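If you read the sequence from its start, that first residue is 1, and numbering goes on from there. In listed order, ligands and their atoms are each counted from 1. Predicted, not measured: the structure shown is a model, and the values here were computed from it.
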Amino acid sequence: MLLANVASADVISFSDIQYWVGTGSNQAAMVIDWNDGKDAWAWGYRWDGAATGADMIEALVRTDPRLYSKLWDFGGGLGHALIGFGLDRDLDGFAIDPATDFGPDGYLLDGRDETDSDGGMAIDPDDSYGEGWWEGYWSYWVPTTPGENPYDGGSWGYSGWGASSRQLTDGDWDGWSFLPGFFGDEPGPAQAAPSLEAVPEPSSLVLASIAGIGCLVRHRRNRRAKSHPPANS
Ligand SMILES: [Ca+2]
Ligand SMILES: [Ca+2]
């Protein structure tokens, strides 16, 4: 029970975040909430100099093989609009209907196409995908006060900037919350995106159980061998 509680603890500080990309003296967190009944996840991003919310999206999506995004490039330096976020939660493959090529890094930056930006669905029921322009959209949330933690004393506020224009501050949190039908709210509590170096919790528990059974079987065999020595010894 204790293990399960620890594994499912909500992220409340940067020290809870397991999956980081980038290097530098500044750090920010990104939370994605699909609002589909599955956990929201949180990632971490480090950088030096200037970085935008769009830079953080690109770095995370290109690095974490579980994460997918579909963005529009408005062109002419106007920046990007986020259309879809996908998550291969069980890392056994990800695809959406209608069939979409997200590219080798899962980062699809396309020209603007308003006819193909709604209703995509994850094929694997274990995964998450949300996209929208006309029928729903990804709302963008930032700390009400830059650098404050919405999960520890701070609060989420609706971003007045698009991701390409939003300048990150050290200690910032960015939140993305999918609003199907434009109804919804700020990101909810989030789980840390598991580090891919670590063995996932359920598997390690299963392995521990198997190891325990193995010890028991060996122990019994030893006892049996002692009480019933082979006839030829
Ligand atoms: Ca999957
Ligand atoms: Ca699966």
Please walk me through it: do Y140 and D174 pass side-chain hydrogen bond (donor to acceptor under 3.5 Å, both in side chains)?
-> CA-CA 7 Å; Y140 188 24; D174 270 24; 2.4 Å; yes
Ignoring waters, protein N/O/S atoms under 3.0 Å from the Ca ion (ligand 1) are D88 OD1, D90 OD1, D92 OD1, G93 O, D124 OD2, D127 OD1, D127 OD2
Name of the residue among W72, W176, F178, Y129 meeting ring-ring contact (aromatic ring centres under 6.0 Å, His included) with W138 |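 By the ring-ring contact (aromatic ring centres under 6.0 Å, His included) criterion, W138 pairs with just one of W72, W176, F178, Y129: F178.
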A190 versus W41, closest heavy-atom pair with distance | CB-C, 4.1 Å
Under 6.0 Å between ring centres, would you say that holds for W141 and Y158?
->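 Yes - the distance between ring centres of W141 and Y158 falls below the 6.0 Å cut-off.
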Distance only, no hydrogens: is a donor on one side chain within 3.5 Å (strictly under) of an acceptor on the other, for Q191 and D10?
->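 Checked: Q191/D10 side chains pair up, N/O donor to acceptor below 3.5 Å.
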Look at the rings of Y151 and W156 and say which category their plane angle falls in: under 30° parallel, 30 to 60° tilted, over 60° perpendicular.
-> perpendicular
